[in-house]
Peer 1: 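Quick one: structure below, then a few questions.
Just so we're on the same page: letters track the sequence lines, and every chain starts at 1. Quantities reported herein were computed from a predicted structural model and do not represent experimental measurements.
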Amino acid sequence: ETGVTQTPRHLVMGMTNKKSLKCEQHLGHNAMYWYKQSAKKPLELMFVYSLEERVENNSVPSRFSPECPNSSHLFLHLHTLQPEDSALYLCASSQEPESEAFFGQGTRLTVV
Amino acid sequence: KQEVTQIPAALSVPEGENLVLNCSFTDSAIYNLQWFRQDPGKGLTSLLLIQSSQREQTSGRLNASLDKSSGRSTLYIAASQPGDSATYLCAVPSPYNQGGKLIFGQGTELSVKP
């Protein structure tokens, strides 16, 4: 256990569905991140929240919408996704930007 | 633009061998470098974090070195075991004040045969 918990672990959704990914960290960290890992590609940052404020949005399509209600929770709301959005979505946290990052187990998303 | 490269992409060794994984980065203005392990379909487990002021870090059978000036890091695994089989990733923070964004290499897929 890394102290970062993601749910669900697996998700299959149609292109017209709306779903949300959840991440919770029990480490008392101030920064939280969403990364996307597609097959045969390096991890790509999607969003960064520091002290509950979004500080980085890495040109992600608007069909992905993050939410950080407090420093322990991070959501990724999904709607009208495309099959190419199928990937492993990883949440991470760190005490502060540029300190050691800890990752969750990921959500394997399949869009059909 | 910071780029991170890992070689080799895949490595297969017999159990008991010592091995070295390589990571290189193009911009030496890094705060730290982190090595991770990823098992198939799973998340990332942090192995070692080396600060920019450090030359190496050790954890059990793992030793990571950092040479900022040449833009290189190595992960040394001693006496490899089948349980070490996984993908190993290195990452550095973006040098452009992007809120802690990590830039990852493609990873080295390690297989240790019994």
Side-chain angles (χ1 to χ4, degrees), chain A residues 1-7 9-10 23 25 27 29-60 66 68 87-110, chain B residues 1-7 9-10 23-27 29-54 57 59 62 64 66 68 86-109:
Chain A
E1 286 296 326
T2 63
V4 181
T5 304
Q6 290 187 242
T7 55
R9 294 293 309 278
H10 301 274
C23 176
Q25 59 96 359
L27 301 169
H29 288 168
N30 294 318
M32 296 188 77
Y33 313 80
W34 281 115
Y35 284 85
K36 175 183 179 182
Q37 188 177 35
S38 303
K40 305 300 182 186
K41 292 176 68 176
L43 275 81
E44 302 173 75
L45 179 74
M46 300 177 74
F47 302 102
V48 181
Y49 277 83
S50 179
L51 296 173
E52 302 154 41
E53 287 191 25
R54 192 190 309 181
V55 296
E56 182 69 16
N57 176 350
N58 209 32
S59 302
V60 178
C68 187
L88 182 66
Y89 289 84
L90 292 160
C91 173
S93 71
S94 63
Q95 175 58 38
E96 56 198 18
E98 283 114 28
S99 62
E100 187 174 8
F102 294 85
F103 282 76
Q105 289 296 302
T107 294
R108 171 65 64 184
L109 174 67
T110 304
Chain B
K1 177 186 172 186
Q2 176 73 277
E3 293 182 0
V4 180
T5 304
Q6 290 186 248
I7 52 172
C23 173
S24 62
F25 45 94
T26 54
D27 190 328
I30 60 170
Y31 289 93
N32 56 51
L33 183 144
Q34 199 165 353
W35 282 94
F36 295 90
R37 168 187 172 138
Q38 185 176 30
D39 292 289
K42 300 290 183 64
L44 276 63
T45 300
S46 178
L47 298 174
L48 289 163
L49 173 79
I50 312 179
Q51 300 291 351
S52 60
S53 58
Q54 297 176 311
Q57 276 277 29
S59 176
L62 305 179
L66 176 63
K68 269 187 61 176
T87 296
Y88 290 81
L89 299 159
C90 68
V92 296
S94 167
Y96 307 114
N97 193 25
Q98 291 181 286
K101 170 183 177 178
L102 287 176
I103 299 171
F104 283 85
Q106 291 262 22
T108 293
E109 187 174 352

Peer 1: Which side-chain N or O atoms in residues 29-37 of chain B pair as donor and acceptor under 3.5 Å with protein atoms at least two apart or in another chain?
Peer 2:
from: B/N32; atom 1: ND2; to: A/E98; atom 2: O; distance (Å): 2.5
from: B/Q34; atom 1: OE1; to: A/A101; atom 2: N; distance (Å): 3.2
from: B/Q34; atom 1: NE2; to: A/A101; atom 2: O; distance (Å): 3.0
from: B/Q34; atom 1: NE2; to: B/S46; atom 2: OG; distance (Å): 2.9
from: B/W35; atom 1: NE1; to: B/S73; atom 2: OG; distance (Å): 3.1
from: B/R37; atom 1: NE; to: B/D39; atom 2: OD2; distance (Å): 3.3
from: B/R37; atom 1: NH1; to: B/G83; atom 2: O; distance (Å): 3.0
from: B/R37; atom 1: NH2; to: B/D39; atom 2: OD1; distance (Å): 3.0
from: B/R37; atom 1: NH2; to: B/G83; atom 2: O; distance (Å): 2.7
from: B/R37; atom 1: NH2; to: B/S85; atom 2: O; distance (Å): 3.4

Peer 1: Check side chain to side chain contact (heavy atoms under 4.5 Å, CB included) between A/T110 and all other residues, then give those that pass, not counting sequence neighbours.
Peer 2: A/V12, A/S86, A/V112

Peer 1: Only pairs of heavy atoms separated by less than 4.5 Å count here; which of A/K40, A/E44, A/Q37, A/R108 has the most with chain B?
Peer 2: A/Q37

Peer 1: Just checking B/I7: does its CD1 atom have more than 12 heavy atoms from other residues, nucleotides or ligands closer to it than 6.0 angstrom?
Peer 2: no

Peer 1: Taking all non-hydrogen atoms of both residues, which atom of B/L89 and which atom of A/L43 are closest, and how far apart?
Peer 2: CD1-CD1, 4.1 Å

Peer 1: Could you check whether A/F103 and A/Y35 have their ring centres less than 6.0 Å apart?
Peer 2: yes

Peer 1: I'd like to know which of B/Q38, B/Q6, B/Q51 tops the heavy-atom pair count under 4.5 Å against chain A.
Peer 2: B/Q38

Peer 1: Can you confirm whether more than 12 heavy atoms, excluding those of B/Q57, are under 6.0 Å from its CD atom?
Peer 2: yes

Peer 1: The criterion is side chain to side chain contact (heavy atoms under 4.5 Å, CB included); which residues satisfy it with A/R9, sequence neighbours excluded?
Peer 2: A/Q105, B/K42

Peer 1: Which one wins on heavy-atom pair count under 4.5 Å against chain A: B/L102, B/I103, B/T45?
Peer 2: B/L102

Peer 1: Would you please go through residues 87-95 of chain A and name the residues with a non-hydrogen atom below 4.5 Å from one of chain B, in numerical order?
Peer 2: A/L88, A/L90

